2 protein chains.
Amino acid sequence: MKNNAAQSSEPKITDAPRAQKRSRPVQVADQIKHWVVERDLRKGDKLPNEAAMIAQFGVSKGTVREAMRILEAQGLIVTKTGPGGGSAVGEVSKERAISLLGNYFYFKNLSLSDIYQLRKLLEPELVANLAGTLDEETLTELRSMAHQHPEPAKTPEEEKQQHISSLVFHARLADAAENELMGFVISFMARILSDLTVYHRLYAAPNKELWERGRRHQIDLVDALEKGERSRARDIMMSHMEGAERMMNVQEMRITRQFMTE
Amino acid sequence: MKNNAAQSSEPKITDAPRAQKRSRPVQVADQIKHWVVERDLRKGDKLPNEAAMIAQFGVSKGTVREAMRILEAQGLIVTKTGPGGGSAVGEVSKERAISLLGNYFYFKNLSLSDIYQLRKLLEPELVANLAGTLDEETLTELRSMAHQHPEPAKTPEEEKQQHISSLVFHARLADAAENELMGFVISFMARILSDLTVYHRLYAAPNKELWERGRRHQIDLVDALEKGERSRARDIMMSHMEGAERMMNVQEMRITRQFMTE
DNA sequence: GTTCTAAATTTATCATAATAAATTGGATTC
DNA sequence: GAATCCAATTTATTATGATAAATTTAGAAC
C-alpha cells in the first residue's frame, strides 16, 4: 500500500526487522559499547556504576549485571568492588582474544597441515620483517631460549618440554612483530600447537639428526636477525617449518578438543 | 582476641592456587564448558535448565543467569523460552568470531599496509588451493559477481558500492577455502576493510584504467579457477592485491574505530 | 481437518534485601 | 610522628521471590 514508498529511499528495508528479540542485557551491552566508542574511552576509563546504569537505562539490577558479564566475557571491561571501584574499560588481552577465537575452531576440523600451510607462509615473512629491528634485550632472550636444551630429549616428557619451548620461541618472535595481525595469527597457531602437546602424543620417534637441525635453525636464526640478514632469516625459518612439519604426526586431524583457558 | 573466622579466613590455598578471584558466574560458566567438552556435546545438544543448574551448582538464579550470558556472549550457547526451550550448545558462528576478534584489534593500531601484507601472502595461496576444486554453482556465483559492475563508478556512492562488492567477492572465495584458518583470516580482513568503507572515504580518485584492470582480474581469476590453473590464479590474485593496495589511501592508519556488530 | 484458545513450561525481567570485598579516615599504639 | 588497627563507607556480589513474556502443546469449537 502506501508504505512501499519507503523501499526506494531506504535500502536497508530488509534489515528493518533487525530490531527483533535481542534481550535487554544484550541491548544494554550494545549501548555501553556505543557509548565507549562515541567518547573514545580507553583502557582504564571508568563506566558509570551499577546504580547509575540502572537509572540510566531504566532496567533492573539483574539486567545491568548480565550486561556487564557479557562485556566482561568479551574482555571489554573489568570490574572491581569497593570505593573507586566499579567497571572500567579494559583492553582485550591477546590471551583472551586467542581463547575466544579458539572457541570458534573448537567446532571446526583444523588439521595440522592447515596450520603448517599458514605457518610456512607467515613465519618466514615474520622473521624477514624482524631482521635488523630487534633490540639487544630481545635478542639475548631469544638466544637464551635457543640454547636452552643442549641435548636431545631422553624421555617423552623431555621431548614434550622441548617442543613447548620451541613454540614459546616462536610466540616470542610473534610478539615482536610490527604487524599485529600477523603476530596474532602466529601466536594463535603456536597456542593451538602448544595445547596439543598437553593432550596428545603426536610426535614421531625422536630423531637426533632432525633435532640437531632444529636447534641449529634457532641459533642461526637469531644470528641472522641480529645481523639484519632478511633473506637468510626467511630461508632458515622456511627450512625450520618444513622440518617441524615432518616431525609431527600428520595423521592427527582434529586438533582442537577442548575450550582454551586464558 | 576474637578470631573472626566468619569473615574470609577461608584461604583455599590447599589444592588450586589458580582458584583465586574468579567470580561465581565465571566459575559456573567454566564448569559448563568442561561439561560440554567431557560429554562431547555438539550443536543443538541441550543443557540442563535453569532450575537444574541452580540445584546442580548450589548457586542462585542470578548467578546461573550471569553464567549463561557469559557463554552466550562467546557464542557457545543459545537459549530459548517455552516448553522444550532452555539452553543448548551452539556452534560459534564465523560472524561472531570475527566480531570478537575485532574487539581485540579495536585497541590496536592496525594499518592498511599490515592488512595488505597479509592479503598478499594469503590470498594468492588461497586461489592456488581453490583452482580446479570449485563446483559449477560457486563458479557461476563468482562469475556473476565479477560482471556485476560493467562500468566505472560515476559517484563516490557507486565507488563505495563497487569496493564492497569486490570485498564480498574475496569473502566468497575465503568461504570456499578448505583451510578454515586461512579462510577465516581472509574473511576477517575483508570484514575490516568493508567496515572501513562505511565510515571513511579512503580511496584515491577514480582511475578508469586501474578500475578496468581490477575488473579484468576478477574475470580472469574465475576463468583460471575453473580451468584449474593454479599458478595463473595465484599470479592474477597477486597482481590484483598490488593494484588494490595502490588504490587505497595508505595515509589512513588507525582502521578499527568501532566495535563490530554481528 | 482447521483454527482458535487455554494451559503448561521455561526463560526474562524486576524488585528488594542481605552479604562480601576494598578503600578511606580516624583512633590507638609504639 | 609513624605505623597499625578498626570501623564506616562505597561498591559490587549473591540470594530470593514475584511477575512478565515467549513458546509449545492440548483441547475445544467449528
Side-chain angles (χ1 to χ4, degrees), chain A residues 17-32 36 44-90, chain B residues 1-13 19-32 35-36 44-90:
Chain A
R18 195 89 198 96
Q20 40 193 354
K21 1 174 192 185
R22 284 153 69 241
S23 72
R24 247 182 264 207
V26 171
Q27 291 178 44
V28 169
D30 284 348
Q31 288 187 66
I32 293 173
V36 167
D45 291 342
K46 302 208 23 196
L47 268 46
N49 68 18
E50 214 174 74
M53 293 206 182
I54 291 167
Q56 166 78 35
F57 297 112
V59 298
S60 75
K61 193 184 184 70
T63 300
V64 166
R65 289 190 58 75
E66 289 180 33
M68 298 316 241
R69 290 298 84 70
I70 290 170
L71 296 171
E72 198 174 65
Q74 300 179 345
L76 296 173
I77 66 167
V78 293
T79 302
K80 276 174 40 180
T81 63
S87 296
V89 177
Chain B
M1 281 301 188
K2 61 232 174 195
N3 183 8
N4 35 0
Q7 281 290 14
S8 67
S9 58
E10 288 281 25
K12 300 171 185 169
I13 327 166
Q20 35 191 4
K21 353 180 203 178
R22 286 153 69 238
S23 70
R24 250 185 267 202
V26 171
Q27 291 179 45
V28 170
D30 282 348
Q31 289 186 66
I32 294 173
W35 197 79
V36 167
D45 291 343
K46 305 219 4 210
L47 268 46
N49 68 18
E50 214 175 76
M53 293 207 182
I54 291 167
Q56 167 77 34
F57 297 113
V59 298
S60 75
K61 182 166 50 173
T63 301
V64 166
R65 289 189 59 76
E66 288 179 34
M68 298 315 242
R69 290 297 84 71
I70 290 170
L71 295 172
E72 201 174 62
Q74 299 178 346
L76 296 173
I77 66 168
V78 293
T79 301
K80 274 174 43 182
T81 62
S87 297
V89 177

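Keep in mind that this is a model prediction, so the values were computed, not measured. Numbered from 1 within each chain, the chains take letters A, B, ... in sequence-line order.
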Charged N to carboxylate O below 4.0 Å: is that the case for B:Arg69 and B:Glu66?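 No salt bridge links B:Arg69 with B:Glu66.
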
Nucleotide [N], atom [atom2] - distance to [atom1] of [X] in whole Å:
| X | N | atom1 | atom2 | answer |
| --- | --- | --- | --- | --- |
| B:Arg65 | D:dA15 | CZ | C1' | 15 Å |
| A:Arg24 | C:dA12 | CZ | P | 12 Å |
| B:Lys61 | C:dC14 | NZ | P | 13 Å |
| A:Ile54 | D:dA12 | CD1 | C1' | 11 Å |
| B:Arg22 | C:dA21 | CZ | P | 16 Å |
| B:Glu66 | C:dA12 | CD | P | 13 Å |
| A:Arg69 | C:dA12 | CZ | C1' | 18 Å |
| B:Lys80 | C:dT11 | NZ | C1' | 12 Å |

Does A:Val59 or A:Gly84 map to a spot on DNA chain C nearer the 5' end, using the closest nucleotide for each?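 Taking each residue's closest nucleotide, the earlier one in sequence belongs to A:Val59.
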
Hey, which sits more toward the 5' end of DNA chain C by its nearest nucleotide, A:Thr81 or A:Gly58?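 Between the two, 5'-proximity favours A:Gly58.
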
Does the side chain of A:Val59 come within less than 4.5 Å of A:Gln27's, by heavy atoms?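 Result no, sub-4.5 Å side-chain heavy-atom pair not found.
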
With side chains defined as the heavy atoms from C-beta onward, is the minimum distance between A:Met53 and A:Val28 less than 4.5 Å?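 Counting from C-beta outward, A:Met53 and A:Val28 never come under 4.5 Å.
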
Students often get this wrong, so: under 4.0 angstrom with heavy atoms, is A:Glu50 touching a base, only sugar-phosphate, or nothing?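 Touches a base.
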
What contact category does A:Gly86 fall into here, base, sugar-phosphate, or nothing, at under 4.0 angstrom with non-hydrogen atoms?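 Answer is sugar-phosphate: A:Gly86 comes under 4.0 Å of backbone atoms only.
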
Think [X] has a side-chain N or O under 4.0 angstrom from the OP1 or OP2 of [N]?
| X | N | answer |
| --- | --- | --- |
| A:Lys21 | D:dT23 | yes |
| A:Ser60 | C:dC14 | yes |
| B:Thr63 | D:dA15 | yes |

Taking A:Lys46 for its side chain and A:Gly85 for its backbone only, find out whether a donor-acceptor pair lies under 3.5 Å.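 At least one qualifying donor-acceptor pair exists.
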
Starting at CD1 of A:Ile54, measure out to CG of A:Asn49 and round the result to the nearest 0.5 Å.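 It is 8.5 Å, given to the nearest 0.5 Å.
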
